Participant: 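Next up is a structure, given as structure tokens.
All values derive from a computational prediction rather than experimental measurement. Every chain is numbered from 1 and lettered A, B, ... according to where its sequence line falls, protein lines coming before strand lines.
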Number of protein chains: 2
Amino acid sequence: MNDVKLTSTLAFRLGTLGAVVTERFSARLAGHGLKPKHIGLLTVLESGTATSQLDIAKLMNVAPSLVVSLADRLEELGAIQRERDLSDRRRQTLTLTEEGRELLATCTAAAAELDSELTDGLDPEETEALRSVLRTLARRNGLPAD
Amino acid sequence: MNDVKLTSTLAFRLGTLGAVVTERFSARLAGHGLKPKHIGLLTVLESGTATSQLDIAKLMNVAPSLVVSLADRLEELGAIQRERDLSDRRRQTLTLTEEGRELLATCTAAAAELDSELTDGLDPEETEALRSVLRTLARRNGLPAD
DNA sequence: CTTAAACGATTCAATCTTTGAACGATTTGG
DNA sequence: CCAAATCGTTCAAAGATTGAATCGTTTAAG
């Protein structure tokens with residue numbers, strides 16, 4: 001008979017911790033009137049992995065119509081620029097503006113600060129091990145992993 | 001100037017990985033007509049940390065009214081039993097039935113299977129390090145941590 | 001060329017999840 | 001004994017995301 005607890009399972013812990021951390025990150029973004037997905041979009045643009053809205057939607061695993069509203073908001077803030085692709089006028093090409101870069105940098109700093117809080121008191125080796133394994137897992141699951 | 005990428009941040013990785021893993025776990029639960037929160041409730045009951053609906057709601061960081069519907073469904077499945085607390089008839093006391101225990105065991109097995117997939121190919125030491133650090137983080141953040 | 005099919009973006013209604021406010025029953029403290 | 005607090009429940013509303021329909025544009029087949 002298997003007596004492993006659900007709570008000791010990686011799946012459960014990653015899920016709950018992920019939710020908690022996202023919630024906290026979200027709270028820090030609230031001041032800018034942004035949600036994590038907005039930052040996800042900025043990140044895609046910075047990585048240069050996709051520029052058209054449809055490609056971005058696929059990369060983010062999200063409906064194309066959602067990208068529209070995320071982009072609406074970001075454009076409103078001046079964080080991105082929307083331009084018709086001249087070689088295919090159906091496409092909207094999104095590009096980061098300088099303001100967008102700064103916004104992303106600010107939010108990245110907020111995330112880094114969260115990291116400090118999370119790892120405060122952990123052995124530096126532990127922290128590094130965590131970083132390393134998460135990078136591996138991200139890579140294996142098709143998530144951005146530098 | 002700080003050039004750390006958001007994607008290399010623990011906060012971001014925990015968030016995205018958590019979402020992916022929860023999604024996958026959710027898919028395996030779908031067959032039972034359950035969602036992760038249902039399992040979360042069963043887990044609380046198994047841990048014995050709380051039995052009244054309000055206490056459960058607090059522990060789960062969720063509105064009391066949500067616990068009502070989660071419990072409705074679980075009762076319908078025969079996984080839990082709802083009884084008025086005789087010493088305070090306002091309270092509903094929820095208890096796991098034998099069927100509930102079995103259901104939880106099945107779902108725990110599904111989570112464990114997910115764990116295998118996630119860690120397949122990782123160094124055993126890496127896996128153990130991950131488990132250990134996540135347990136620590138869970139504990140520090142008020143999450144169930146055995 | 002012309003035209004039908006495919007495509008990308010957009011809008012909008014519908015869905016799903018969760019919350020908050022209102023209510024009824026019960027308990028508690030003054 | 002009564003007013004205030006508590007617990008569970010219902011239900012309407014909020015927030016996030018999707019899917020279907022539409023418009024302009026491109027592509028490919030005849």
Participant: Could you give the CG-to-C1' distance, from A/Leu54 to C/dC7, as a whole number of Å?
Facilitator: 8 Å
Participant: Between D/dT6 and B/Arg90, counting only base atoms on the nucleotide and side-chain atoms on the residue, is there a donor-acceptor pair under 3.5 Å?
Facilitator: yes
Participant: Is the closest side-chain donor-acceptor distance between A/Arg91 and A/Gln53 under 3.5 Å?
Facilitator: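 Result is no, nothing qualifies.
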Participant: For the side chain of A/Arg84, counting heavy atoms from C-beta on, which of D/dT25, D/dT9, C/dA9 is nearest?
Facilitator: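 For A/Arg84, the side-chain atoms sit closest to C/dA9.
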Participant: Quick check for you: among D/dT18, D/dC7, C/dT10, whose closest atom lies nearest to any side-chain atom of A/Ala63?
Facilitator: D/dT18
Participant: Measure the distance from CD1 on B/Ile56 to C1' on D/dT9 and round it to the nearest whole Å.
Facilitator: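 Nearest whole value for this atom pair: 15 Å.
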Participant: For B/Arg13 versus B/Thr16, what's the shortest heavy-atom pair and its separation?
Facilitator: O-OG1, 3.3 Å
Participant: Closer than 4.0 Å, any side-chain N/O of B/Arg82 to the OP1 or OP2 of D/dT9?
Facilitator: yes
Participant: Side chain of B/Gln92, heavy atoms from C-beta onward: which of D/dG8, C/dT27, D/dT17 has the nearest atom to it?
Facilitator: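 Per side-chain heavy atoms of B/Gln92, the pick is D/dG8.
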Participant: Send over the distance from B/Arg91 CZ to D/dT9 C1', rounded to a whole Å.
Facilitator: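 After rounding, the reported distance stands at 17 Å.
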Participant: What's the shortest heavy-atom distance between A/Thr97 and A/Gln81, and which atoms?
Facilitator: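 Closest pair (atom of A/Thr97, atom of A/Gln81, distance): CG2-N, 4.0 Å.
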Participant: DNA chain D: A/Leu66 or B/Asp88, which has the more 5' nearest nucleotide?
Facilitator: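 Its nearest nucleotide being more 5', the pick is B/Asp88.
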Participant: Can you tell which of C/dT11, D/dG24, D/dT9 lies closest to the side chain of B/Val68?
Facilitator: D/dT9
Participant: Nearest heavy atom decides the nucleotide; on that basis, is A/Ser87 or A/Ser69 closer to the 5' end of DNA chain D?
Facilitator: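 The residue mapped nearer the 5' terminus is A/Ser69.
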Participant: How long is the line joining CE of B/Met60 and P of D/dG8, in whole Å?
Facilitator: 14 Å
Participant: Have a look at A/Ser52 and say if it touches a base, only the backbone sugar-phosphate, or nothing, with a 4.0 Å heavy-atom cut-off.
Facilitator: sugar-phosphate
Participant: Taking all atoms of both residues into account, what is the closest heavy-atom pair of A/Arg139 and A/Ala145, and its distance?
Facilitator: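 Answer, listing the atom of A/Arg139 first, then A/Ala145: NH2-O, 3.4 Å.
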Participant: Is any side-chain N or O of A/Gln53 closer than 4.0 Å to OP1 or OP2 of C/dT10?
Facilitator: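 Yes, A/Gln53 has a side-chain N/O under 4.0 Å of OP1/OP2 on C/dT10.
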Participant: Atom CD1 of A/Ile80 and atom P of C/dA9: how far apart are they, to the nearest Å?
Facilitator: 12 Å
Participant: How long is the line joining CG of B/Leu70 and P of D/dT10, in whole Å?
Facilitator: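 From B/Leu70 CG to D/dT10 P: 14 Å.
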Participant: Tell me if the side-chain of B/Ser65 makes a donor-acceptor pair with the base of C/dG20, cut-off 3.5 Å, by modelled atom types.
Facilitator: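 Pair found.
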Participant: Starting from C1' on D/dG8, measure out to CD on B/Glu83 and report it in whole angstrom.
Facilitator: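 Nearest whole value for this atom pair: 16 Å.
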Participant: Under 3.5 Å, side chain of A/Asp115 to main-chain N/O of B/Ala11, donor-acceptor pair present?
Facilitator: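 Such a contact is found between A/Asp115 side chain and B/Ala11 backbone.
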Participant: Return the CE to CG distance between B/Met60 and B/Asp55, rounded to the nearest 0.5 Å.
Facilitator: 13.0 Å
Participant: Which nucleotide, D/dT26, D/dT17, C/dT26, lies nearest any side-chain atom of A/Arg89?
Facilitator: D/dT26
Participant: Find the distance A/Arg73:CZ to D/dA16:C1' and express it as a whole number of Å.
Facilitator: 16 Å
Participant: OP1 or OP2 of D/dA16 sitting under 4.0 Å from any side-chain N/O of A/Lys35?
Facilitator: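 Result: yes.
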